[in-house]
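For reference, the structure is listed below as structure tokens.
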Amino acid sequence: MSFRTRIFTASLAVAAAALGLATNIIAWELRREERGLIEQRLRDQARLIAELLSRSAIAADADLDAEADRLAELLDARLTLIAADGRVVGDSTSDGEALAALENHTDRPEVQQAGTTEAAVVERYSTTVGTDLLYAAVRTTHPQIAYVRVALPLTAVAEQVRRVGLNALVAFALAAPFAIALAALSSWLLSRRLNAIAASARQYSAGNLTRPSYDYGDDELGEVARVLDASVQELGRRLDELSRDRARMEAILSGMVEGVLVLDRDGRVQLVNRAAQAMLRVDDTAAGRRYLEVIRHPDISAQLTAALGGGPAAPRELPLARDAARTFVARAAPVAGGGAVLVLHDITDLRRADQIRRDFVANVSHELRTPLTAIRGYVEALVDEPPDPAETRRFLEVIARHTARMERLVADLLRLARLDARQEVIETAPCDVGQIFSAVQADLSAAIDARRQRIEVCVPEEARQVHADPAKLHDIVRNLVENAINYSPEGADIRVEAVRRDGAVDLVVSDSGPGIPPADLTRVFERFYRVDRSRSRPGGTGLGLAIVRHLVELHGGSLRAENRPEGGARFTVTLPV
Ligand code: ADP
């Protein structure tokens with residue numbers, strides 16, 4: 001049953017009950033009034049007859065019974081004329097013998113009452129007529145008549161009264177359609193408002209929280225709707241805030257390099273960010289599943305089990321499942337209120353940097369130890385037992401050479417440190433490659449001549465200009481040419497050339513020396529890396545190519561080493577133009 005039908009039925013029932021009650025009260029009141037009027041009429045009629053008799057309007061010797069009949073016909077009621085001794089002298093319902101046979105009426109209640117009061121009205125059963133009658137009796141001053149009594153059968157009274165009741169019923173029937181129409185109208189108005197409120201509620205539950213333009217009204221229903229509306233709006237605001245917070249958190253988590261995995265109190269994966277997905281080799285489907293099904297790493301599972309139990313779990317260093325060369329630290333911690341959170345931190349780079357640092361320290365110590373040992377040896381020899389001047393001079397020269405080597409080493413180390421710290425900035429300017437090559441050639445001409453090597457420089461016009469830092473470009477070329485001189489045998493050919501390519505210029509230094517074993521071609525740029533320590537020149541630091549690579553990269557260029565098919569090494573510096 002719809003709300004509207006209920007309201008309609010209820011208001012109709014109320015209207016019907018009110019109408020019924022009102023009809024009954026009015027009918028009762030009308031009946032009472034009607035009865036009063038009937039009694040009044042009987043009394044008045046009795047009084048009128050009594051008055052007529054007292055004024056001797058009826059002769060004393062008249063046939064009183066016939067008179068009673070005549071008058072009764074006029075009154076449309078039963079008329080009884082009673083003598084002072086109680087004898088009935090005239091009655092409209094009994095004639096002749098029947099009248100004579102009528103019993104004495106002295107003790108009739110109405111007659112008795114009429115004796116004491118002005119007019120008596122009594123309702124009782126009539127033995128004469130054999131039915132219930134309403135009597136009105138009054139006294140009169142006629143010579144033969146003492147009492148006049150007018151009576152009406154109660155059925156007639158009831159009939160009149162019933163008619164009044166019937167009228168009330170007709171009134172009820174006439175009022176009923178109005179009541180129905182009013183009930184229908186009021187239920188329609190109320191249900192219309194309720195439907196509007198229900199429509200707003202439906203709109204809210206569908207997720208659309210825009211406030212409806214509908215005016216809820218000022219009564220209690222409107223107040224309830226407004227309060228609910230405000231609650232929904234407040235909830236919507238909080239929901240908005242929550243989803244914004246969530247989006248922010250998701251953005252943070254997905255942007256993190258650390259892997260994060262969150263479990264609920266039942267051990268189901270609530271959240272796993274991209275980094276953790278990659279580290280643990282799981283995908284988006286992991287969410288909602290139990291961690292034991294998702295995580296294949298027994299150590300991590302054990303940590304999570306401990307964390308879910310509320311206990312502390314020591315961070316563990318583990319190899320990555322996907323790539324054994326990578327190492328990460330897993331830390332699991334319990335979450336207040338149940339659940340656990342796992343954070344995976346990739347420490348491969350940290351470990352590698354640590355290793356590089358250790359290697360570097362070992363290399364530097366090693367590089368320093370050789371000259372220091374030599375210097376110490378010669379110094380001790382000089383101190384212990386001063387040799388002859390020629391020998392002394394030779395010792396001192398060796399000491400000077402080792403000192404120079406240490407100086408070079410320290411200078412190279414400092415330069416690398418400056419480059420690492422990005423303290424060396426490049427100041428680019430248009431450079432003439434030909435000029436730089438000539439300057440390098442001039443710097444190293446003594447060494448070239450000493451080794452009877454030939455150097456060929458080739459700079460075509462289109463490759464003459466590059467945009468670079470001239471001093472650094474000079475260092476680059478000089479370093480490569482120095483290596484070519486040092487690692488090629490005497491009488492070797494060295495070629496320095498510039499080649500124009502698409503958007504770049506290649507500076508190529510090649511020699512006709514032994515070349516570099518293919519496995520070492522990429523490693524020669526590492527710090528302290530030497531192809532063959534026994535073959536390396538005594539003055540080399542092993543840092544030259546590392547510095548060259550740094551300088552080339554500062555220019556946004558690249559550096560590569562290769563072997564020439566006809567023998568010898570070739571270093572190519574590619575600079576963007
Ligand atoms: P170094 O100070 O020892 O020359 P570099 O960094 O300049 O250090 O060179 C690293 C290593 O590369 C050298 O020890 C050498 O073995 C190899 N190398 C460099 N240039 C040449 C070349 N032109 N021919 C052969 N080997 C070379």
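Residue numbers run from 1 in the order of the sequence given. Order of appearance sets the numbers: ligands from 1, and atoms from 1 within every ligand.
Heavy-atom contacts of Gly542 reach the following atoms of ligand 1: 1 (P), 2 (O), 3 (O), 6 (O), 8 (O) (cutoff under 4.0 Å). Interface atoms of ligand 1 facing Val531, defined by a heavy-atom separation under 4.0 Å, are 16 (O), 17 (C). Close approach of ligand 1 to Tyr529 (heavy-atom distance below 4.0 Å) involves ligand atoms 10 (C), 11 (C). Of all the atoms in ligand 1, the ones that sit under 4.0 Å from a non-hydrogen atom of Arg530 are 3 (O), 14 (O). Of all the atoms in ligand 1, the ones that sit under 4.0 Å from a non-hydrogen atom of Val524 are 10 (C), 12 (O).
The shortest N or O to N or O distance between Pro514 and ligand 1 is not below 3.5 Å. Polar contact check, Ala546 against ligand 1: no nitrogen or oxygen pair lies under 3.5 Å apart. In terms of polar-atom proximity, Asn479 is not counted as a contact of ligand 1, lacking any N or O under 3.5 Å from an N or O of the ligand.
Salt-bridge check for Arg401 with Glu397: failed, with every basic side-chain N at 4.0 Å or more from each acidic carboxylate O. Salt-bridge annotation for Arg454 and Asp449: absent, with no side-chain N of the basic residue lying under 4.0 Å from a carboxylate O of the acidic one.
Residue contacts with ligand 1, taken as heavy atom pairs separated by less than 4.0 Å, involve Ile516 solely via side-chain atoms from C-beta onward. Of the heavy atoms in Asp511, only side-chain atoms (C-beta onward) come closer than 4.0 Å to ligand 1. Within the 4.0 Å heavy-atom criterion, neither part of Phe525 lies near ligand 1.
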Below 3.5 Å, can you tabulate the donor-acceptor pairs from side chains in residues 567-577 to any protein atom, sequence neighbours excluded?
from: Arg570; atom 1: NE; to: Glu562; atom 2: OE2; distance (Å): 3.4
from: Thr574; atom 1: OG1; to: Asp506; atom 2: OD1; distance (Å): 2.9

Could you tabulate the donor-acceptor pairs under 3.5 Å formed by side-chain atoms of residues 246-262, not counting sequence neighbours?
from: Arg246; atom 1: NE; to: Glu250; atom 2: OE2; distance (Å): 3.4
from: Arg248; atom 1: NH1; to: Asp245; atom 2: OD1; distance (Å): 3.4
from: Ser254; atom 1: OG; to: Glu250; atom 2: O; distance (Å): 3.0
from: Ser254; atom 1: OG; to: Ala251; atom 2: O; distance (Å): 3.3
from: Glu258; atom 1: OE2; to: His345; atom 2: ND1; distance (Å): 3.1

task: Output, in order, the C-alpha distance, side-chain angles, deciding distance and verdict of side-chain contact (heavy atoms from CB on, under 4.5 Å) for Trp188 and Arg4.
output: CA-CA 7 Å; Trp188 177 74; Arg4 187 178 163 186; 3.6 Å; yes
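Residue contact check for ligand 1: Gly515 places a non-hydrogen atom closer than 4.0 Å to it.
Not one N or O on the side chain of Ser512 forms a donor-acceptor pair closer than 3.5 Å with the backbone of Ala492. Formation of a donor-acceptor pair under 3.5 Å by the Arg268 side chain with backbone atoms of Arg265 is not found in this model.
Considering every non-hydrogen atom in both Val459 and Gly434, the closest pair reads CG2-CA, 3.9 Å.
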